Q: 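This is the structure I have questions about; it appears just below.
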Amino acid sequence: MNTSFVFLANGFEEVEALTTIDIMRRAGMEVVTVSINDTLEAEGAHGVTVKADALISEVNLNNAEWLICPGGMPGASNLAACKPLTNALIAQNSKGGKIAAICASPSVIFGPLGLLEGKHAVCYPGMERGMTGAIVGYTPVAIDGNIVTGNGPAAASAFGFAIVQESKGKEVARQVAEGMLFYDKLKEEFYF
């Protein structure tokens, strides 16, 4: 399984980034956090500073399994302004590679780049205008082909489990969710 990358910029939504990373790592996926800043540190939208694993200039994104953009403002805008990232997202999508965005990022990054054309996708409510070409939904998470989108912080767990499901299958996603108490064994369903 190839490495997945989660991109961090100042103003990123902490819950969306860290929950996704945690769930993916619990599922045994290799995840590298990448700062688009000049330093490894990125300060979240709510003052939580995270030290990334690498700078964007240090990573090779050509064979990535996933390229993942958390939301948050101005985090999503900062990611959208990062040319190496937007170029990588376009290249990944053009070859059918997996990309994911949550909260503001589907609207601020994916929509303007044309990545959502004809795709079912969700974003933070009220930001639908930026979802250029998308079939906009209002569920917590949308999966359409190679793209996973989520609508906001409350969907961070569902977003992470959707990514795991798309990479490792429903059973692995269920096992991780069960271990985290997100899965009701009696009803055989997720709590979200």
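Values in this document were obtained by computation on a predicted structure and should not be read as measured data. Computed over heavy atoms, backbone and side chain alike; hydrogens, waters and symmetry mates excluded. We're numbering straight along the sequence, starting at 1.
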Q: First locate atom CG of L79, then atom CZ of F110, and finally report the distance between them rounded to the nearest 0.5 Å.
A: 10.0 Å

Q: Could you measure the distance from the CZ atom of R26 to the CD atom of Q175? Nearest 0.5 Å is fine.
A: 14.0 Å

Q: I want to check something: taking the side chain as every heavy atom from C-beta on, are V141 and Q165 in contact at a cut-off of under 4.5 Å?
A: no

Q: For A54 versus V32, what's the shortest heavy-atom pair and its separation?
A: CB-CG1, 4.4 Å

Q: Taking all heavy atoms of L113 and all of I90, pick out the closest pair and write down the distance.
A: CD2-CD1, 3.9 Å

Q: Return yes if some donor-acceptor pair links the side-chain N/O of D53 with the main-chain N/O of T33 below 3.5 Å, else return no.
A: yes

Q: Decide yes or no for M24 and I163: does some side-chain heavy atom of the first lie under 4.5 Å from some side-chain heavy atom of the second?
A: yes

Q: Evaluate whether atom NZ of K83 has more than 12 neighbouring non-hydrogen atoms of other residues, nucleotides or ligands under 6.0 angstrom away.
A: no

Q: Tell me whether L18 shares a hydrophobic cluster with V148, the cluster being built from Ile, Leu, Val, Met, Phe, Trp, Tyr side chains joined at under 4.5 Å.
A: yes

Q: Taking side chain to side chain donor-acceptor pair (under 3.5 Å) as the definition, give me every residue that meets it alongside N87, ordered by chain and number, with sequence neighbours left out.
A: none

Q: Holding to side chain to side chain donor-acceptor pair (under 3.5 Å), I want the full list of residues that pass it with N63, two or more places apart in sequence or in another chain.
A: none

Q: With sequence neighbours excluded, tell me which residues meet side chain to side chain contact (heavy atoms under 4.5 Å, CB included) with C123.
A: P106, S107, M127, E128, M131

Q: Donor-acceptor pairs under 3.5 angstrom involving side-chain atoms of residues 6-17: please list them, not counting sequence neighbours.
A:
| residue | atom | partner | partner atom | Å |
| --- | --- | --- | --- | --- |
| N10 | OD1 | N37 | ND2 | 3.2 |
| N10 | OD1 | E43 | N | 2.9 |
| E13 | OE2 | V15 | N | 3.2 |
| E14 | OE1 | H46 | N | 3.4 |
| E14 | OE1 | H46 | ND1 | 2.9 |
| E14 | OE2 | A45 | N | 3.4 |
| E14 | OE2 | H46 | N | 2.8 |
| E14 | OE2 | G47 | N | 3.4 |
| E14 | OE2 | V48 | N | 3.2 |
| E16 | OE1 | G71 | N | 2.9 |

Q: Kindly give the heavy-atom pair with the smallest separation between P112 and V108, and that separation in Å.
A: CG-O, 3.5 Å

Q: My understanding is that a hydrophobic cluster links ILVMFWY residues whose side chain heavy atoms are under 4.5 Å apart, including indirect links. Using that, what else belongs to the cluster containing L55?
A: L40

Q: Within a radius of less than 6.0 Å around CZ of F5, do more than 12 heavy atoms belonging to other residues, nucleotides or ligands occur?
A: yes

Q: Report the residue from I56, L89, I109 that forms a side chain to side chain contact (heavy atoms under 4.5 Å, CB included) with C82.
A: I56

Q: Below 4.5 Å, heavy atoms only, C-beta onward: do V172 and V164 meet side chain to side chain?
A: yes

Q: Evaluate the side-chain proximity of I147 to L116: yes if any heavy-atom separation is below 4.5 Å, no if none is.
A: yes

Q: Could you report the tightest heavy-atom contact between P70 and I102, atom names first, then the distance?
A: CA-CG2, 3.7 Å

Q: If we only count heavy atoms from C-beta on, is the T20 to S157 side-chain gap below 4.5 Å?
A: no

Q: Below 4.5 Å, heavy atoms only, C-beta onward: do N146 and N93 meet side chain to side chain?
A: yes

Q: Is K51 reaching over with its side chain to a backbone N or O of A42, donor-acceptor style, under 3.5 angstrom?
A: no

Q: Quick check for you: to the nearest 0.5 Å, what is the distance between Q92 atom CD and N62 atom CG?
A: 9.0 Å

Q: Roughly how far, to the nearest 0.5 Å, is the OH atom of Y124 from the OG atom of S105?
A: 13.5 Å

Q: Show the numbers, then the answer: is there a side-chain hydrogen bond (donor to acceptor under 3.5 Å, both in side chains) between T3 and E30?
A: CA-CA 5 Å; T3 303; E30 184 178 340; 3.0 Å; yes

Q: Are F159 and I68 packed together at the side-chain level, in the sense that at least one heavy-atom pair is separated by less than 4.5 angstrom?
A: yes

Q: Just how far is it from atom NE2 of H120 to atom CG of D144, taken to the nearest 0.5 Å?
A: 6.5 Å

Q: When you compare the side chain of T19 with that of I21, does any pair of heavy atoms fall below 4.5 Å?
A: no

Q: State yes or no: do V31 and V59 share one hydrophobic cluster built from I, L, V, M, F, W and Y residues joined by side-chain heavy-atom distances below 4.5 Å, directly or via other members?
A: no

Q: Apply side chain to side chain contact (heavy atoms under 4.5 Å, CB included) to N151 and T139, showing your working.
A: CA-CA 7 Å; N151 71 359; T139 56; over 6 Å; no

Q: To the nearest 0.5 Å, tell me how far L67 CG sits from L85 CG.
A: 7.5 Å

Q: Give me the atom names and distance for the closest heavy-atom approach of I99 to W66.
A: O-CZ3, 3.5 Å

Q: For K98, what residues pass the salt bridge (Lys or Arg N to Asp or Glu O under 4.0 Å) criterion, not counting sequence neighbours?
A: E65

